[in-house]
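The structure appears right after this line, and notes come after that.
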There are 2 protein chains.
Amino acid sequence: MTVWDRPEPPARPVPLDRERIVAAAIALADEGGLEAVSLRKVAARLNAGPMRLYGYISTKEELFDLMVDEVQAEILPEEQPGDWREALRVLAHRTRQAALRHEWLADLLGGRPTLGPNGLAVTEAELAALDGLADIDTAIRAVETVSAYFTGAIRREIANLRAERATGLSKRDWQRAHGPHVTRMLATGRFPALAKAVHDGTDVDAETSFATGLDWVLDAVAAKLTPPPA
Amino acid sequence: MTVWDRPEPPARPVPLDRERIVAAAIALADEGGLEAVSLRKVAARLNAGPMRLYGYISTKEELFDLMVDEVQAEILPEEQPGDWREALRVLAHRTRQAALRHEWLADLLGGRPTLGPNGLAVTEAELAALDGLADIDTAIRAVETVSAYFTGAIRREIANLRAERATGLSKRDWQRAHGPHVTRMLATGRFPALAKAVHDGTDVDAETSFATGLDWVLDAVAAKLTPPPA
DNA sequence: TCTCATGTTGATACACTGTATTTCCCCACT
DNA sequence: AGTGGGGAAATACAGTGTATCAACATGAGA
């Protein structure tokens with residue numbers, strides 16, 4: 001046995017902390033989706049045994065919460081724009097961009113209350129944008145409505161994106177590519193409005209579709225903020 | 001050995017079909033949540049070995065899709081109301097009610113495109129409600145916006161409901177009950193708007209909160225349908 | 001009626017999972 | 001030098017989705 005084939009020393013354990021664990025989990029999820037995140041694999045990335053993680057997190061669900069909160073830090077813009085509308089729009093778009101960077105976020109978004117520091121900061125930013133422009137109850141309703149919209153919209157967008165990817169990237173001919181199933185369904189004549197929609201609808205890219213719906217919702221909010229002059 | 005203690009004959013296998021499988025899975029999920037649905041347990045409910053299911057479904061994901069589609073049948077109202085607005089509102093509320101009956105639906109809602117017969121029927125109903133009132137592109141945008149809203153709102157509502165249930169049913173004192181964590185966070189003064197919201201906000205029940213936001217979104221849709229007279 | 005093919009059913013197997021419990025080893029302190 | 005004690009690792013367990021394989025009941029053909 002020479003120095004060269006002498007086995008590696010047992011890899012002195014790297015000091016661990018939540019940040020490193022969460023970062024490893026996020027990396028794993030970015031590469032292979034949420035289902036690729038297992039405590040064993042996260043630990044392996046950190047040259048640690050699986051059980052070591054339990055000194056820092058108490059359950060896998062908690063790890064997911066931490067991952068979400070970590071990504072929510074990317075959502076906060078460096079500086080808040082003045083206009084409430086612009087502020088809310090930017091927050092929505094940045095959430096969407098975060099979800100496009102980390103598709104697994106779509107699986108977690110809205111799945112549980114966001115009580116981490118960054119999640120609270122996002123909510124704070126949303127509420128702050130409306131500060132002084134409406135009573136607190138209206139502001140809450142507005143924030144909840146807007147975020148319900150973009151949460152749902154983002155989830156659908158990612159879901160469609162995955163479906164397209166799975167059926168071999170098809171864009172316009174969604175119905176043909178997804179296989180004969182939907183086409184056959186539409187051909188039954190039981191869904192005339194839907195058939196017309198997929199046939200005659202002009203397909204717009206996901207971003208403008210997101211933006212348009214968002215603008216509608218913001219219009220609705222605007223109407224509640226400044227009551228129409230009597 | 002008498003007739004009485006003679007062992008049961010090996011339980012002639014009950015004929016199976018997708019409907020029975022899906023029904024068993026839904027029952028399991030209603031009782032113990034989505035995570036209680038395992039192919040083994042579903043099969044056990046039907047006096048079958050786990051592998052038998054693979055003659056009818058090809059993967060667990062597919063079973064989930066079938067469950068969602070089955071529940072979506074509950075969403076379609078027996079008769080469509082005349083007014084487009086009422087029609088969309090009813091569909092949204094019925095979706096919410098379905099999610100309250102089957103909380104696991106919140107975990108699946110929006111997670112993948114709803115391409116089953118009932119899912120298509122729901123979309124058809126939504127589109128049909130707007131038939132003739134707008135060009136097809138506007139109708140699509142409207143339907144997508146409304147359903148993005150209520151998808152997101154339902155998910156959040158269920159998430160909060162579960163969180164409340166977990167921390168020992170707390171209603172108003174959300175911040176105290178959830179534990180010192182959030183309280184401490186709010187006390188830091190880093191979230192003034194949020195602090196004011198939880199402190200001064202009047203808490204309304206989930207249903208009216210859902211309905212209010214929905215009305216706002218429907219207002220927005222209405223504004224796009226009938227362009228303001230020039 | 002006997003035989004054989006066929007196709008459905010159940011058993012077994014595998015590679016994982018999250019997590020509880022047990023073992024072990026290294027380091028600081030007496 | 002001995003001896004705790006504490007943190008890391010190994011092991012263990014009950015479960016998961018699904019592939020593979022063996023058995024068997026049932027139909028057709030002779």
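For the pair B:Thr59 and D:dT18, the criterion of a side-chain N or O lying under 4.0 Å from OP1 or OP2 is met. Residue A:Lys41 has a polar side-chain atom (N or O) positioned under 4.0 Å from OP1 or OP2 of C:dT17. Within the 4.0 Å cut-off from OP1 or OP2 of D:dT18, at least one side-chain nitrogen or oxygen of B:Tyr54 is found.
Checking side-chain atoms of B:Arg190 against main-chain N and O of A:Glu124 turns up no donor-acceptor pair under 3.5 Å. Of the possible donor and acceptor atoms, none in the side chain of B:Thr151 sits under 3.5 Å from a partner among the backbone N and O of B:Ala148. A donor-acceptor pair is defined here as one N or O able to donate and one able to accept, closer than 3.5 Å; such a pair exists between the side chain of B:Arg94 and the backbone of B:Glu74.
Atom P of nucleotide C:dT9 and atom CG of B:Leu46 are separated by 12 Å, given to the nearest angstrom. If you measure from atom CG of B:Leu16 to atom P of C:dT9, you get 8 Å, rounded to the nearest angstrom. Taking atom CD on B:Glu61 and atom C1' on D:dT16, their separation rounds to 14 Å, with Å as the unit. If you measure from atom CG of B:Leu28 to atom P of D:dG15, you get 14 Å, rounded to the nearest angstrom. If you take CZ of B:Arg40 and C1' of D:dA14, they are 11 Å apart, rounded to a whole angstrom. Remark: P of D:dT11 and CE of A:Met51 are 13 Å apart, rounded to the nearest angstrom. Between the NZ atom of B:Lys60 and the P atom of D:dT18 there is a distance of 8 Å, given to the nearest Å. For the pair B:Ile21 CD1 and C:dT9 P, the interatomic distance rounds to 10 Å; values are reported in whole Å.
The aromatic ring centres of B:His93 and B:Phe150 sit 6.0 Å or more apart.
Residue A:Val37 is in sugar-phosphate contact alone, with no base atom involved, counting any heavy-atom pair closer than 4.0 Å across all strands shown.
Counting non-hydrogen atoms of other residues, nucleotides and ligands closer than 6.0 Å to CD of A:Glu62 gives a total above 12.
Listed candidates were C:dG10, C:dT19, D:dT18. Nearest to the side chain of B:Leu39 is D:dT18. For A:Ser38, whose side chain is taken as the heavy atoms from C-beta onward, the closest listed nucleotide among C:dG18, C:dT19, C:dG10 is C:dG18.
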